[in-house]
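See structure below.
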Number of protein chains: 2
Amino acid sequence: MDCSTIEERSHTLRLILLSIALLLTYGQASAECLTRGTGDLGIIIERAAGSLKVIDRSARSELFHVEGLGDLSHASAVYSRDARYAYIFGRDGGLSKVDLLCGQLVKRVVQGGNSIGGAISQDGTLIAVSNYEPGGVKIFSAETLVLVANIPATQIANNKGSKTVGLVDATDQRFVYSLFDTGEIWVVDMLDPSQPKIDKFTDVGKQPYDGLISPDGRWYIAGLFGEDGLAMLDLWHPEKGIKRILSNYGKGQQKLPVYKMPHLEGWAMAGKNAFLPAVGLHEVLVVEQDSWQERGRIKVHSQPVFVIARPDGRQVWVNFAFPDNDVIQVIDTESLKIIKTLKPGKGALHMEFSPRGEEVWISVRDRDQVQIYDTRTLEQTGSLPVDKPSGIFFTSRAHQLGL
Amino acid sequence: MDCSTIEERSHTLRLILLSIALLLTYGQASAECLTRGTGDLGIIIERAAGSLKVIDRSARSELFHVEGLGDLSHASAVYSRDARYAYIFGRDGGLSKVDLLCGQLVKRVVQGGNSIGGAISQDGTLIAVSNYEPGGVKIFSAETLVLVANIPATQIANNKGSKTVGLVDATDQRFVYSLFDTGEIWVVDMLDPSQPKIDKFTDVGKQPYDGLISPDGRWYIAGLFGEDGLAMLDLWHPEKGIKRILSNYGKGQQKLPVYKMPHLEGWAMAGKNAFLPAVGLHEVLVVEQDSWQERGRIKVHSQPVFVIARPDGRQVWVNFAFPDNDVIQVIDTESLKIIKTLKPGKGALHMEFSPRGEEVWISVRDRDQVQIYDTRTLEQTGSLPVDKPSGIFFTSRAHQLGL
């Protein structure tokens, strides 16, 4: 009788422990991952620490801190079409897939020795990464990060491939990029992932160092490091070949001291004009989009790095190269006048607009801070502590070509 | 001794039951709502049943079926900035908030007698609804659907307010709409929700019946039912007042039989041209965006209703008024030629493009089907069974002005 009671007790005790164990499991599952919309999420790259913050753009708060992403200098990111996963391209060739809802590094592959950005295919199934070392482009499954296609670049000395740069996604499941050492632009058609079709354009100009695609996905434009001018390809009519535009765009004959070659992603397309950072000059160039003729120059604080349009195209925001990277200037695209000069602090490296343009987030590296500005009042309305912030990427990019 | 054992048993039993109860609670919570990204979700309006389907655009599958939304003829929808909640504007004046992750009607208010669409503010905090009956615009908290501002329209006969139409959101937290009976356009500034500032433009033309805003948010254009021509307002310079454009746009002098006044939201802005459905004619008009001068006309199958641009602007897709609503035509925006005539079936009412433009979803009411087409091959690649489908709205709209 006593024994049976003891057995019973230990039995019921086991039941209780089991129930509680299960309970805890469930409890954790719902605590670890968030059930929420992903339309207003984003990531902020913590360059020095090789980590990132997952942020809630609406609450202006940090949701998760994700570590172990390797060398994130010049890191960039794209998003899955469901806006749940970020793909981060590290300088060390690392490609990392991060789950924004669970704050976890899902998978990381080191796919090259030295990489310089990537893109996601129009249908969201493929991730392409361009490499300095060993050169060439590798294409992975967005789902699994398994290698789908390896596209080596044109060979140069000692069996190395040309550096590849300026990789963007385009319509019809294409990727477009430039070959720095051999002066080429390649268009890769991935409609059949097992049979990439490559369209090669040679002699586009000396040392294409970066590229951009117009927001409508029609124009691919490569900047040239080795000479002045730009190489342009009409992706609606690749058969027409490469066209050279803005023959004065570049370092010029006197070879000005260039502290940092400006980013072409930084080009702002606003209305019928494009706004470009001049190379080595304290100027922003105004170029008519149809004719690609220069229409004017705007004197600015220093050498521009990024020239970015507010989504409605009414303003462009400009940051500058070291040692003047403590200043941001705002240009009115109608009057072409500077309407505000901001001093966010040293290392104002990156700007990201909310998709409807009411605010802009600015990384201020040396203040370990991201500052938030109202684009109507041009006043700071908030800030977030971030360890040496660089790139800021909002999930609304998931729905835009070429981002 | 025995008693104590009994007490003990009943005590342990209570513990077990409690644990299991808690366990079930957790179990349900994680079963009812989905933990997933919301970037590739959407809703399809089931007009006759007053219900909608929540769909996964990537999997092309139904996630939830939500009922009890009232009269959904001409229903439209907008999304919260986190892309979790859809706000549906019903013809019966009902405003419904639906949770896409849990498949639940969160709240429904009947805010007017007869309503005709709405908009969400730039910052995502306010929902505006325009009404036929009693006329005027009501503005609600996006969070709670509590009334924030009631803006009656200009009075007409027997204490009624003018019908309000063509409501859109604009930059700087503004809403813009037209007053049908009194021929006005109002711009409402909601920067201070407790103090709406109203800018009224009178004598804009006879009976504005619909309006649109250009994708960059700069131009508000109202169509006129009572006379030819269109009323345009430059929202960058409201002080310049209303400008009349396209003086021949409308029913014309001979008053053609018009089966359905075309929707202005249907205007396609592609490159430097806008493509407009002609009124009463079997034509699509090509208009230059800067000058707003007509540049050409494209003969089409019948009277166009919606003329919608693929996101990259390379194609416009056109559907037609009864009895020719079984046909869809695709126009190449470069050659201005019809490149395909599709026969999806009777009641091809609405088209929605994926944000990067690779596919378009078409509601085919009389086949109880939504058909999916590849915009490159122009072939059907899938379909979904839907009860009398009408409007299709993807969550990527959350990030676009004027949608």
Side-chain angles (χ1 to χ4, degrees), chain A residues 5 8-9 12-13 15-16 19-20 22-23 26-27 29-30 33-41 56-58 79-85 100-102 122-124 171-173 191 216-218 236 270-272 290 311-314 334 354-359 376 395-396 398-401, chain B residues 5 8-9 12-13 15-16 19-20 22-23 26-27 29-30 33-41 56-58 79-85 100-102 122-124 169 171-173 191 216-218 236 270-272 290 311-314 334 354-358 376 395-396 398-401:
Chain A
T5 321
E8 238 171 85
R9 285 189 206 164
T12 51
L13 196 62
L15 271 177
I16 295 170
S19 313
I20 288 168
L22 283 166
L23 180 59
Y26 271 102
S30 54
C33 297
L34 304 171
T35 297
R36 58 159 292 156
T38 52
D40 57 351
L41 301 184
D56 176 333
R57 179 166 60 80
S58 301
Y79 286 100
S80 60
R81 62 197 275 175
D82 65 1
R84 174 174 185 168
Y85 300 100
L100 304 186
L101 287 178
C102 305
Q122 183 179 27
D123 74 352
T171 55
D172 301 340
Q173 201 68 354
L191 284 168
D216 64 5
R218 176 168 185 175
W236 288 15
K272 58 178 183 300
D290 289 339
D312 70 346
R314 188 164 193 181
E334 207 177 12
S354 59
R356 289 160 153 250
E358 71 280 10
E359 63 185 28
R376 182 182 58 84
T395 51
S396 48
H399 312 299
Q400 293 173 275
L401 272 174
Chain B
T5 320
E8 238 172 86
R9 286 189 203 160
T12 50
L13 197 61
L15 271 178
I16 294 170
S19 312
I20 288 166
L22 282 167
L23 180 58
Y26 271 102
S30 54
C33 298
L34 304 171
T35 297
R36 57 159 294 156
T38 52
D40 57 351
L41 300 185
D56 176 333
R57 178 166 60 81
S58 301
Y79 286 99
S80 60
R81 61 197 275 174
D82 65 1
R84 175 174 184 167
Y85 299 100
L100 303 187
L101 287 178
C102 305
Q122 183 179 26
D123 73 353
D169 59 287
T171 55
D172 300 342
Q173 200 70 352
L191 284 167
D216 63 4
R218 175 168 187 175
W236 288 16
K272 59 178 181 301
D290 289 339
D312 69 346
R314 188 163 193 181
E334 206 178 14
S354 60
R356 290 161 152 248
E358 71 279 9
R376 183 182 57 84
T395 51
S396 49
H399 313 299
Q400 293 173 275
L401 272 174

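Hydrogens, waters and symmetry mates are skipped; everything else that's a heavy atom, side chains included, is used. All figures in this text were calculated on a predicted structure; none of them were measured in a lab. Protein chains get the first letters and strands the later ones, always in sequence-line order, with residue 1 at the start of each.
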* Does B:Arg356 use its side chain to pair, donor to acceptor, with the backbone of A:His399 at less than 3.5 Å? -> no

* Structure fact -> Counting heavy-atom pairs under 4.5 angstrom with chain B, the leader among A:Arg376, A:Arg84, A:Arg57, A:Arg81 is A:Arg81

* Shortest non-hydrogen contact from B:Gly39 toward A:Ala83 -> CA-CB, 4.1 Å

* Asked: Relative to chain A, which segment of B:Asp290 carries a heavy atom at a distance below 4.5 Å: side chain, backbone, both, or neither?
  -> side chain

* Structure fact -> OG (A:Ser354) and CG (B:Asp123) are apart, to the nearest 0.5 Å, by 9.5 Å

* To do: Using non-hydrogen atoms and a 4.5 Å limit, figure out which bit of B:Arg218 sits close to chain A: side chain, backbone, both or neither.
  => side chain

* What option among B:Leu401, B:Asp216, B:Asp312 has the most heavy-atom pairs under 4.5 Å with chain A? -> B:Asp312

* chain A contacts, top residue of B:Glu334, B:Gln400, B:Lys272, B:Arg36 (heavy-atom pairs, under 4.5 Å) -> B:Glu334

* Could you tell me the separation between the CG atom of A:Leu41 and the OG1 atom of B:Thr38, rounded to the nearest 0.5 Å? => 8.0 Å

* Measure A:Leu191 against the heavy atoms of chain B and call it side chain, backbone, both or neither at under 4.5 Å. => side chain

* **Nearest atoms (heavy-atom pairs only) where B:Thr35 meets A:Leu34** => CG2-O, 3.2 Å

* Structure fact -> Correct closest heavy-atom pair for B:Gly37 and A:Leu101 would be N-CD1, 3.9 Å

* Heavy atoms only, distances under 4.5 angstrom: which of B:Gln173, B:Arg314, B:Glu358 has the most pairs with chain A? Name it, please. => B:Arg314

